[in-house]
Novice: 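Okay, handing you the structure first.
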Amino acid sequence: MLTPILIVVAIFALYLVNSIKILRDYERAVIFRFGRALTPPKGPGIIAVFRPMDQMVRISLRQEVLEVPAQDVITRDNVTLKVNAVVTLYVVDPNAAAIKVANYVYQTSQFAQTTLRSVLGEVELDELLSHRDKLNLKIQTIIDQRTEPFGVKVISVEVKQVDLPEQMLRAMAKQAEAAREARAKVLHSQGEFDAAQKLVDAAALLATQPLTLQLRYLQTLTEIGVEKNTTIVFPLPIELMQMLNKLTPASMPPKSASDNS
């Protein structure tokens with residue numbers, strides 16, 4: 001008579017032990033009792049799940065990193081490229097994440113792929129490369145609005161890599177090289193202008209004191225004389241050449257009419 005009672009007690013004890021579940025601090029349990037979800041979600045710690053009346057779905061509250069596969073994107077200026085991204089998310093409402101979607105990670109991944117193509121397709125290549133932070137924020141806002149109904153919070157979206165065609169890479173390299181050459185020419189011309197301006201200032205200063213020009217001649221001779229060479233430099237004043245040019249036409253006698261005959 002005691003044996004059946006002991007068997008029943010043992011089965012009931014095993015049932016109770018099997019009904020005890022331990023949830024970690026980052027886990028929550030959505031309990032479905034007779035098919036209806038109990039609110040609020042259970043956990044963390046020790047909870048009891050009485051099967052078969054209760055069914056439990058574990059939901060993690062930790063942040064998850066979702067890598068968006070490379071997407072073919074055509075920018076507004078008709079440049080074809082491949083872009084992938086990384087999405088960081090976590091669950092804020094375990095009940096909604098368990099009830100409203102079959103797989104909230106897969107759902108978020110699909111939203112991220114379509115949003116990435118649509119947003120990047122509206123901008124030009126230069127904006128995509130130079131204003132990536134603004135585009136990341138825009139994509140994150142759109143995805144977060146679409147995942148809010150099923151209890152998922154998207155905290156960041158980062159465009160991970162942009163693969164450009166080989167022809168576009170060569171064109172961008174040529175553009176950068178041309179820009180550097182243009183800046184170099186501007187700097188060179190600016191240097192020439194500054195040098196010419198300094199020469200004008202020096203000439204104006206020498207014109208005020210003619211004696212300084214003779215001193216400059218002597219200094220030049222001293223610099224040449226330091227080196228061992230056979231070159232002899234004789235400074236000829238420019239005023240003397242101008243005087244000779246003026247006197248030469250006047251010294252020639254005019255031709256007479258008899259000479260022409």
Novice: Check whether more than 12 heavy atoms from other residues, nucleotides or ligands sit under 6.0 Å from atom OH of Tyr106, and answer yes or no.
Specialist: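 No, not enclosed.
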
Novice: For Ile47 and Gly43, work out which heavy atoms get closest and say how close.
Specialist: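 Heavy-atom minimum between the residues: CG2-N, 4.0 Å.
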
Novice: First locate atom CD1 of Ile31, then atom OG1 of Thr39, and finally report the distance between them rounded to the nearest 0.5 Å.
Specialist: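 So the gap between those two atoms works out to 12.0 Å.
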
Novice: Atom CG of Asp144 and atom CZ of Phe111: how far apart are they, to the nearest 0.5 Å?
Specialist: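 Between Asp144 CG and Phe111 CZ, I get 12.0 Å after rounding to 0.5 Å.
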
Novice: Is there a side-chain contact between Val162 and Leu164 in this structure, where contact means two heavy atoms from C-beta onward sitting under 4.5 Å apart?
Specialist: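 Val162 vs Leu164: side chains touch.
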
Novice: Answer yes if Phe34 and Phe50 sit in the same cluster of Ile, Leu, Val, Met, Phe, Trp and Tyr residues linked by side chain heavy atoms under 4.5 Å apart, and no otherwise.
Specialist: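 Yes, Phe34 and Phe50 fall within the same hydrophobic cluster.
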
Novice: Check for me, please, whether Val92 and Ile155 land in the same ILVMFWY cluster - side-chain distances under 4.5 Å, paths through other members count.
Specialist: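 The answer is yes; both residues are in one hydrophobic cluster.
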
Novice: Hey, mind stepping through Glu27 and Lys21 against salt bridge (Lys or Arg N to Asp or Glu O under 4.0 Å) and telling me if it holds?
Specialist: CA-CA 12 Å; Glu27 291 179 329; Lys21 304 295 181 183; over 6 Å; no

Novice: Can you give me the closest heavy-atom contact between Val73 and Gly121, atom names plus distance?
Specialist: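 Minimum heavy-atom contact is CG1-N, 4.0 Å.
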
Novice: Distance check, rounded to the nearest 0.5 Å: Asp126 atom CG versus Thr75 atom OG1?
Specialist: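 Reported to 0.5 Å precision, the distance equals 9.0 Å.
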
Novice: Between atom CG of Leu135 and atom CZ of Arg132, what is the distance when rounded to the nearest 0.5 Å?
Specialist: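 Reported value, rounded in 0.5 Å steps: 9.0 Å.
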
Novice: In this structure, would Leu129 and Val83 fall into the same cluster of hydrophobic residues linked by side-chain contacts under 4.5 Å?
Specialist: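 Linked, Leu129 and Val83 end up in one cluster.
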
Novice: Do the side chain of Ser189 and the main chain of Val186 share a donor and acceptor less than 3.5 angstrom apart?
Specialist: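 Checking the backbone N and O of Val186 against the side chain of Ser189, a donor-acceptor pair under 3.5 Å is found.
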
Novice: So do Val157 and Val87 actually touch side chain to side chain, heavy atoms under 4.5 Å?
Specialist: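 Yes; the side chains approach each other to less than 4.5 Å.
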
Novice: Measure from the side-chain N and O atoms of Asp72 to the backbone N and O of Thr80, and report whether any donor-acceptor pair falls under 3.5 Å.
Specialist: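 No: the side chain of Asp72 does not pair with the backbone of Thr80.
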
Novice: How close do Val49 and Met56 get, heavy atom to heavy atom, and via which atoms?
Specialist: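 For Val49 and Met56, the tightest heavy-atom pair comes out as CG2-SD, 4.0 Å.
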
Novice: Within the 4.5 Å heavy-atom criterion, are Leu61 and Pro94 side-chain neighbours or not?
Specialist: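 SC-SC contact between Leu61 and Pro94 confirmed.
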
Novice: Atom CG in Asp163, atom CG in Asn84: separation rounded to 0.5 Å?
Specialist: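 It comes to 7.0 Å.
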
Novice: Below 4.5 Å, heavy atoms only, C-beta onward: do Leu23 and Arg28 meet side chain to side chain?
Specialist: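 Result no, sub-4.5 Å side-chain heavy-atom pair not found.
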
Novice: Which residue pairs pass the side-chain hydrogen bond (donor to acceptor under 3.5 Å, both in side chains) test with at least one member in residues 43-54, sequence neighbours excluded?
Specialist: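 Of all non-adjacent pairs touching residues 43-54, those that pass side-chain hydrogen bond (donor to acceptor under 3.5 Å, both in side chains) are Arg33-Asp54.
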
Novice: Would you indicate whether Leu199, at its atom CG, is surrounded by more than 12 heavy atoms from other residues, nucleotides or ligands within a distance under 6.0 Å?
Specialist: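 Yes, CG of Leu199 has more than 12 neighbouring heavy atoms, counting only those of other groups under 6.0 Å.
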
Novice: Is there a donor-acceptor contact under 3.5 Å from the side chain of Gln55 to the main chain of Met53?
Specialist: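 No, because the side chain of Gln55 does not come within donor-acceptor range (under 3.5 Å) of the backbone of Met53.
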
Novice: Is Gln107 close to Lys100 at the side-chain level, that is, under 4.5 Å between some pair of heavy atoms?
Specialist: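 No, their side chains stay 4.5 Å or more apart.
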
Novice: Determine, using the 4.5 Å side-chain heavy-atom cutoff (strictly less than), whether Leu116 and Ile74 are members of one ILVMFWY cluster.
Specialist: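 Shared cluster, no.
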
Novice: Can you get from Val105 to Ile139 by hopping between Ile, Leu, Val, Met, Phe, Trp and Tyr side chains that sit under 4.5 Å apart?
Specialist: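 Yes, Val105 connects to Ile139 through the hydrophobic network.
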
Novice: Between Ser109 and Gln113, does any side-chain donor sit less than 3.5 Å from a side-chain acceptor?
Specialist: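 Checked: Ser109/Gln113 side chains pair up, N/O donor to acceptor below 3.5 Å.
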
Novice: Which heavy atom in Val68 sits nearest to a heavy atom in Ala112, and how many Å separate them?
Specialist: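 Here Val68 and Ala112 meet closest at CG2-CB, 3.7 Å.
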
Novice: Do other residues, nucleotides or ligands put more than 12 heavy atoms under 6.0 Å from the CG atom of Leu137?
Specialist: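 Enclosed.
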
Novice: Taking atom CZ of Arg24 as the centre, does the number of heavy atoms from other residues, nucleotides or ligands within less than 6.0 Å exceed 12?
Specialist: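 Incorrect, the count does not exceed 12.
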
Novice: Identify the heavy atoms of Ala37 and Val30 that sit nearest to each other, and give their distance.
Specialist: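 Of all heavy-atom pairs spanning Ala37 and Val30, the closest is CB-CG1, 4.5 Å.
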
Novice: Determine whether Leu81 and Leu128 make a side-chain contact, defined as any pair of heavy atoms from C-beta on separated by less than 4.5 Å.
Specialist: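 A side-chain contact under 4.5 Å exists here.
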
Novice: Start with the C-alpha distance between Lys138 and Lys134, add both sets of side-chain angles, then the distance that settles side chain to side chain contact (heavy atoms under 4.5 Å, CB included), and finish with yes or no.
Specialist: CA-CA 6 Å; Lys138 183 177 180 180; Lys134 183 177 69 176; 5.8 Å; no

Novice: For the backbone of Val154 and the side chain of Gln140, can you confirm whether one donor and one acceptor N or O come within less than 3.5 Å of each other?
Specialist: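 Yes, the answer is positive, given that a donor and an acceptor are paired below the 3.5 Å cut-off.
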
Novice: Is Leu89 close to Thr147 at the side-chain level, that is, under 4.5 Å between some pair of heavy atoms?
Specialist: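 No, side chains not in contact.
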
Novice: Would you indicate whether the side-chain heavy atoms of Arg146 and Thr114 approach each other to under 4.5 Å?
Specialist: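 SC-SC contact between Thr114 and Arg146 confirmed.
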
Novice: Would you say Thr88 and Ser156 are linked by a side-chain donor-acceptor pair, where the criterion is simply a distance under 3.5 Å?
Specialist: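 There is such a pair (donor and acceptor under 3.5 Å, judged by atom type) between the side chains of Ser156 and Thr88.
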
Novice: Kindly compute the distance separating CD (Glu122) from CD (Glu127), expressed to the nearest 0.5 Å.
Specialist: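 Glu122 atom CD to Glu127 atom CD measures 10.0 Å (nearest 0.5 Å).
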
Novice: Does Asn136 reach the main-chain N or O of Glu158 with its side chain, forming a donor-acceptor pair under 3.5 Å?
Specialist: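 No, because the side chain of Asn136 does not come within donor-acceptor range (under 3.5 Å) of the backbone of Glu158.
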
